[in-house]
Amino acid sequence: MKIKNIIFFTIIFSIMLLLIGLSNWRNQKRLINIDEIVFESGTPKFLSYELINNLLKVELDRISKNKESIDLNSLELFFETNPYIYNAELYYYPSGSLGISLKEQVPELKIFSDTIFYYNYDGVKIPVSNNYKPNLPHFLGSPNKNKVKELLFLVNNFKKDDFLKNQLKTIRYESNSYYIKLNSFDFEVEFGTVNNIEEKIKKLKVFSAFYQSIRTKSDYKKISLKYNKQVVAS
């Protein structure tokens, strides 16, 4: 009987050691090291390396920590729910550590209405951040969906022009017309609609170059580009 008890307790003790060893092995498998965080822009703007590390740790704590059970696609989708992340790609290194490549949202236009926020090129809203305050054209008002498309079309055409790409300061919409203020000139530009935008931008460039060339500056308050093949200054 005594021998049977010894055998029984020996078996129980062995099983406990096996379970402890298995638990330690599983815990080691759960450890996932972040080997590299890469921001496509080179350096983070809205985000930070510390924030990305913390987000990943919280999410891994929520789901299974067993490396084989982690779905990288799900993790990518998790990161892309962050309003400042446009795209996320995660991958494993041969060592088993994790790499993350992130593309942050790129704001194109700042909106001043009841709330302040940005739009990216696709018309997606981006909240303002204390970490990054880009110098962008401002729109004064609350544009509807169609106006957002027009505004981004307008901004993009200014950005494509070497002379005007840093000139767009503020935009407002009134009486079926866009009104623009430029960084280097005091007069307001009555742009009209975004129809014939290339012609209007060309006229604005010609007038601006002329205005810069004259010694005695005329006290223009407004110029209008609405009229065909002419610029009306007042």
Side-chain angles (χ1 to χ4, degrees), residues 39-43 45-46 84 86-87 103-129 132-234:
F39 285 89
E40 189 176 289
S41 59
T43 56
K45 295 179 180 178
F46 288 112
Y84 299 117
Y86 182 80
N87 184 63
K103 181 178 181 181
E104 290 185 283
Q105 293 279 12
V106 179
E108 300 284 348
L109 179 68
K110 191 171 186 178
I111 303 296
F112 282 87
S113 59
D114 295 336
T115 57
I116 302 174
F117 57 91
Y118 306 116
Y119 277 120
N120 73 359
Y121 180 75
D122 298 317
V124 175
K125 287 185 178 181
I126 307 169
V128 295
S129 167
Y132 177 49
K133 298 180 180 180
N135 185 18
L136 296 172
H138 299 358
F139 179 77
L140 311 176
S142 301
N144 59 34
K145 188 174 182 179
N146 290 332
K147 286 292 177 288
V148 170
K149 291 181 180 179
E150 290 185 354
L151 284 166
L152 293 171
F153 178 67
L154 180 65
V155 169
N156 186 54
N157 274 272
F158 268 73
K159 283 181 64 177
K160 289 191 300 184
D161 188 273
D162 288 337
F163 180 78
L164 294 173
K165 62 183 178 182
N166 296 318
Q167 286 296 325
L168 201 52
K169 184 178 181 181
T170 63
I171 311 169
R172 64 183 180 89
Y173 187 78
E174 182 181 324
S175 302
N176 299 319
S177 182
Y178 288 102
Y179 291 83
I180 292 168
K181 292 284 288 184
L182 304 174
N183 285 312
S184 299
F185 303 94
D186 293 331
F187 51 78
E188 186 174 50
V189 180
E190 185 182 13
F191 201 84
T193 67
V194 294
N195 295 332
N196 303 317
I197 192 168
E198 292 181 357
E199 179 188 343
K200 291 176 180 178
I201 283 179
K202 183 178 180 180
K203 290 192 296 184
L204 178 58
K205 287 171 60 178
V206 171
F207 181 85
S208 299
F210 163 75
Y211 190 81
Q212 286 180 326
S213 68
I214 57 178
R215 292 184 178 180
T216 304
K217 307 297 183 187
S218 300
D219 190 21
Y220 294 129
K221 300 296 183 183
K222 183 178 76 173
I223 67 168
S224 178
L225 307 175
K226 292 199 309 180
Y227 304 100
N228 189 31
K229 296 182 181 180
Q230 61 178 317
V231 176
V232 177
S234 58

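Counting begins at 1 with the first residue of the sequence. Owing to the predicted nature of the structure, the values given are computational and were not obtained by experimental measurement.
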Practice item. Examine distances only and state if a side-chain atom of N144 and a backbone atom of N146 form a donor-acceptor pair shorter than 3.5 Å. Key: yes
Review point. Is a side-chain donor or acceptor of K200 paired with a backbone partner of F191 at a separation under 3.5 angstrom?
Key: yes
**Study point:** All pairs passing ring-ring contact (aromatic ring centres under 6.0 Å, His included) where residues 144-172 contributes a residue, at least two apart
**Key:** none
Review point. Does T193 reach the side chain of N176, with side-chain heavy atoms less than 4.5 Å apart?
Key: no
Exercise for review: Output all residues satisfying side-chain hydrogen bond (donor to acceptor under 3.5 Å, both in side chains) with K149, sequence neighbours left out; order by chain, then residue number.
Suggested key: none
Review point. Do the side chains of K160 and N157 get nearer than 4.5 Å, heavy atoms only?
Key: yes
Check your understanding: Would F46 and Y84 count as a close aromatic pair, with their ring centres under 6.0 Å?
Key -> yes
Check your understanding: Are any side-chain N or O atoms of S113 and backbone N or O atoms of S142, one a donor and one an acceptor, separated by less than 3.5 Å?
Key -> no
Exercise for review: Determine the minimum heavy-atom distance between L151 and I171, stating which atoms define it.
Suggested key: CD2-CG2, 3.8 Å
Review point. K221 versus S234: any side-chain heavy-atom pair under 4.5 Å?
Key: no
Exercise for review: Without swapping roles, check the side chain of E150 against the backbone of V194 for a donor-acceptor pair under 3.5 Å.
Suggested key: no
Practice item. Measure across L168 and N183 and return the closest heavy-atom pair with its distance rounded to 0.1 Å. Key: O-ND2, 3.9 Å
Point to revise | R172 vs Y178 side-chain heavy atoms within contact, under 4.5 Å | key: no
Practice item. May I ask you to decide if L225's main-chain N or O and E190's side chain share a donor-acceptor pair within less than 3.5 Å? Key: no
Check your understanding: So do the side chains of K226 and S177 get within less than 4.5 Å of each other, counting heavy atoms only?
Key -> yes
Exercise for review: Determine yes or no for a side-chain-to-main-chain donor-acceptor pair under 3.5 angstrom, with K203 supplying the side chain and Q230 the backbone.
Suggested key: yes
Point to revise | Distance-minimising heavy-atom pair for Y119 and L152 | key: CB-CD2, 4.3 Å
Point to revise | For the student: nearest non-hydrogen atoms of K159 and K165, plus distance | key: O-CB, 3.4 Å
Review point. Any side-chain heavy-atom pair from F185 and Q212 closer than 4.5 angstrom?
Key: yes
Practice item. Taking N120 for its side chain and G123 for its backbone only, find out whether a donor-acceptor pair lies under 3.5 Å. Key: yes
Exercise for review: Answer yes or no: is there a side-chain heavy-atom contact under 4.5 Å between I111 and P143?
Suggested key: yes
Review point. Should V106 and I126 count as side-chain neighbours, where that means a heavy-atom distance under 4.5 Å?
Key: no
Point to revise | Parallel, tilted or perpendicular: ring planes of Y211 versus F207, cut at 30 and 60 degrees | key: parallel
Revision key, fill the gap. Nearest heavy-atom approach of F139 to Y173 is CE1-N, 3.9 Å
**Study point:** Side chain K169, main chain H138, donor-acceptor under 3.5 Å
**Key:** no
Review point. Taking the side chain from Y121 and the backbone from P107, do they hold a donor-acceptor pair closer than 3.5 Å?
Key: no
**Study point:** Flag, side chain of S208 to backbone of K205, donor-acceptor distance under 3.5 Å
**Key:** no
